[in-house]
Amino acid sequence: MDIPDDVVRWVTLHFKETESEQALSRLRSAKIHTGEPAGPRLLRCVAVSSGGNLRQLDQGLRQLGVDWRDVIVHAEYIFTARGNVRVRDFDNPMDAQTNLIPLPIQGQKYISLTTFRKTGAGVATPVWFGEEDGKLYVMTISKMGKVKRIRNNPQVQVAPCTMRGKVTGEQFPATARLLAPEDFARARKTITRKYWLAWISTPFSRADAFIELSFA
């Protein structure tokens, strides 16, 4: 079975070089529970849900044989307290999936970023943020509590809010990642082009930690 070009590109980029051919071979033989070959939409869903991991790819392929609808839900939706929110449409090529940020977050001036203590208690902080390629970027100071909490638990919650932190919309789960120093300049640029005060105001001028938030 032919694999869509965008899936081949995704696998090549996200799997280890030694594993990409194995991944493509398994996708070529992917079938749903009726024995029919999996179509392009399902192949995109399985590939992205694997996160570039062969074991997770195999789990997705097995799930196709049980209920392909679960595979679509896992890949195209994020889960909120009020139900599922669709953030992708894999009927279209993955190259077109450029913005995975939930609509209620896009273009907001502030977001409430909730990080979690080891006890499970959430700590919400209103922050400025940049947007690029379907991800959010937050700059902060490495000594701040939210940096320590993210190191312990990268699962966070994000919601639109006011300057004082009053949540004004739906809350969405996200995964936080502390960026390496070589990525600081790119992340900072997403913020400074949105907020001119970020160039000069404290603590932003002293920021030495950057957080990437993804909703995939």
Side-chain angles (χ1 to χ4, degrees), residues 1-106 116 131-137 150 153-158 170-180 183 186 211-216:
M1 179 180 60
D2 291 336
I3 301 177
D5 290 343
D6 61 304
V7 176
V8 174
R9 285 191 292 272
W10 194 96
V11 168
T12 302
L13 285 171
H14 292 83
F15 279 83
K16 295 177 182 178
E17 188 175 351
T18 55
E19 296 179 345
S20 59
E21 280 303 321
Q22 296 179 60
L24 291 172
S25 176
R26 295 175 193 186
L27 287 167
R28 287 189 187 96
S29 60
K31 295 181 180 180
I32 61 174
H33 69 281
T34 61
E36 298 173 86
R41 182 185 185 186
L42 292 174
L43 292 178
R44 291 176 184 124
C45 289
V46 172
V48 169
S49 295
S50 76
N53 181 285
L54 278 178
R55 186 170 67 176
Q56 290 180 215
L57 180 72
D58 288 338
Q59 290 175 350
L61 292 171
R62 285 194 294 270
Q63 189 58 39
L64 283 179
V66 177
D67 192 336
W68 54 265
R69 292 169 297 186
D70 288 342
V71 174
I72 289 176
V73 170
H74 181 69
E76 296 189 354
Y77 291 77
I78 59 175
F79 309 100
T80 74
R82 297 182 184 178
N84 299 338
V85 177
R86 193 180 189 188
V87 295
R88 294 169 174 164
D89 179 6
F90 284 133
D91 276 325
N92 298 307
M94 286 191 282
D95 302 347
Q97 312 299 314
T98 58
N99 199 346
L100 308 181
I101 302 169
L103 283 173
I105 301 295
Q106 294 177 31
F116 294 92
E131 303 174 49
E132 187 172 79
D133 295 335
K135 296 178 181 178
L136 306 184
Y137 294 92
I150 286 170
N153 181 3
Q155 303 309 309
V156 300
Q157 296 282 335
V158 176
E170 184 66 74
Q171 194 171 53
F172 297 92
T175 301
R177 180 170 74 95
L178 295 171
L179 296 179
D183 294 320
R186 176 177 57 85
I211 302 164
E212 180 185 83
L213 303 170
S214 59
F215 296 90

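Here the closest non-hydrogen pair linking Arg26 and Leu61 is CB-CD1, 3.7 Å. Pro4 and Arg44 get closest at one heavy-atom pair: CB-NH2, 4.0 Å. Among all heavy-atom pairs drawn from Pro173 and Phe215, the shortest one is O-CD2, 3.5 Å. Residues Gln155 and Thr175 approach most closely at OE1-OG1, 3.4 Å, considering heavy atoms. Closest approach of Gln157 to Phe116, counting heavy atoms only: CG-CZ, 3.8 Å. The heavy-atom pair separating Gly52 from Trp10 by the smallest distance is N-CH2, 3.7 Å.
A distance-only check finds no donor-acceptor pair linking the side chain of Glu212 to the backbone of Lys135 [under 3.5 Å]. Distance alone, capped at 3.5 Å, is enough to place a donor-acceptor pair between the Thr12 side chain and the Val8 backbone. Counting only distance, with no hydrogens or angles, the side chain of Ser50 and the backbone of Ala47 share a donor-acceptor pair below 3.5 Å.
With a 4.5 Å cut-off on side-chain heavy atoms, Asp58 and Arg55 do not count as touching. Counting only heavy atoms from C-beta outward, the side chains of Leu179 and Ile211 never approach each other to under 4.5 Å. Here the side chains of Phe15 and Leu54 are in contact, with some heavy-atom distance below 4.5 Å. Residues Glu131 and Ile105 have side chains not in contact (no heavy-atom distance under 4.5 Å, counting atoms from C-beta outward). In this structure, the side chains of Leu27 and Leu57 come closer than 4.5 Å at one or more pairs of heavy atoms. With a 4.5 Å cut-off on side-chain heavy atoms, Cys45 and His74 do not count as touching.
Not counting sequence neighbours, Thr18 has no partner by the side-chain hydrogen bond (donor to acceptor under 3.5 Å, both in side chains) test.
Rounding to the nearest 0.5 Å places CZ of Arg177 at 6.0 Å from CG of Asp183. Rounded to the nearest 0.5 Å, atoms CG (Leu24) and CG (Leu43) are 10.5 Å apart.
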